[in-house]
Amino acid sequence: MYDNDNIFAKIIKGQIPCKKVYEDDDVLFFEDINPASKIHVLGVPKVKCVDFSDFVNNNNKDIVDNFFKKINVVIEKLGIKDSGYRIISNSGSDGGQEVPHFHVHILGGEKMGSKIK
Ligand code: AMP
């Protein structure tokens, strides 16, 4: 069940400030408040969705397709397409998800290790 008062819902509604990297009617990308790498941007679709599965299962193809295409737009805007980057989406308890609105982390700007965990 989606929590309308989660932090990212409030950021989307403009009730909590963020450092915007890219926004349009459907998506918002903003800097992570506690960056894990030199570049650490979070991306959210504006539809109400708890996690990856909720987003993919309960939204039409255009919305899903558009979100993933926009990740690529942001990667190009950040200038990390050629140097490389990592995209992560944490889901649920074992995945370590803290904020229950589906989001991706885009990490880059420095060399990262090959281990995820
Ligand atoms: P996750 O564990 O995948 O749910 O990640 C949540 C992320 O949201 C963490 O990396 C936090 O640093 C980040 N975060 C939490 N609150 C804010 C905020 N107000 N603005 C930007 N990033 C935030």
Side-chain angles (χ1 to χ4, degrees):
M1 177 109 156
Y2 185 78
D3 168 15
N4 284 307
D5 289 326
N6 77 74
I7 299 168
F8 294 169
K10 289 183 172 176
I11 287 176
I12 290 167
K13 285 183 269 188
Q15 294 168 349
I16 294 178
C18 70
K19 288 189 181 165
K20 283 180 194 173
V21 173
Y22 177 90
E23 182 175 29
D24 62 26
D25 288 346
D26 304 308
V27 303
L28 173 63
F29 290 79
F30 54 98
E31 291 180 11
D32 194 292
I33 206 167
N34 185 21
S37 55
K38 275 187 189 156
I39 294 173
H40 187 170
V41 169
L42 300 171
V44 293
K46 291 187 177 178
V47 291
K48 295 177 181 179
C49 50
V50 174
D51 59 14
F52 173 78
S53 297
D54 186 18
F55 178 59
V56 169
N57 285 333
N58 299 315
N59 289 282
N60 72 43
K61 213 176 156 204
D62 287 346
I63 289 176
V64 174
D65 187 57
N66 178 57
F67 179 67
F68 286 98
K69 291 259 169 64
K70 289 292 160 54
I71 296 174
N72 197 45
V73 167
V74 169
I75 283 164
E76 292 187 4
K77 188 175 157 81
L78 291 168
I80 56 174
K81 184 162 129 356
D82 295 331
S83 53
Y85 50 85
R86 180 171 292 167
I87 300 169
I88 295 173
S89 184
N90 299 324
S91 184
S93 173
D94 281 0
Q97 182 178 10
E98 290 170 3
V99 181
H101 180 112
F102 168 58
H103 54 281
V104 294
H105 298 251
I106 303 170
L107 301 156
E110 63 182 299
K111 198 168 271 303
M112 285 171 272
S114 57
K115 290 192 177 152
I116 300 274
K117 194 177 165 190

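Note that ligands are numbered from 1 as they come in the structure, with each ligand's atoms numbered from 1 the same way. Note that the structure is a prediction, hence the values are computed from the model and not measured. FYI, the numbering just counts along the sequence from 1.
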Nearest heavy-atom contact between His105 and Leu42 is ND1-CD2, 3.3 Å
Practice prompt. Examine distances only and state if a side-chain atom of His103 and a backbone atom of His101 form a donor-acceptor pair shorter than 3.5 Å.
Written response: yes
Flag for Asn4-Tyr2: side-chain donor and acceptor within less than 3.5 Å
no
Smallest heavy-atom separation, Ile88 atom then Asn90 atom, equals CG2-OD1, 3.4 Å
- Message: Is the ring pair Tyr22/Phe29 parallel, tilted or perpendicular, if the boundaries are 30 and 60 degrees?
- Response: perpendicular
Is any NZ, NE, NH1 or NH2 atom of the basic residue among Lys70 and Asp26 found under 4.0 Å from an Asp or Glu carboxylate oxygen of the other? no
In chain-and-number order, ligand 1 lies under 4.0 Å from a heavy atom of each of Ile7, Phe8, Ile11, Phe30, Glu31, Asp32, Ile33, Asn34, Leu42, Asn90, Gly96, Gln97, Glu98, Val99, His103, His105
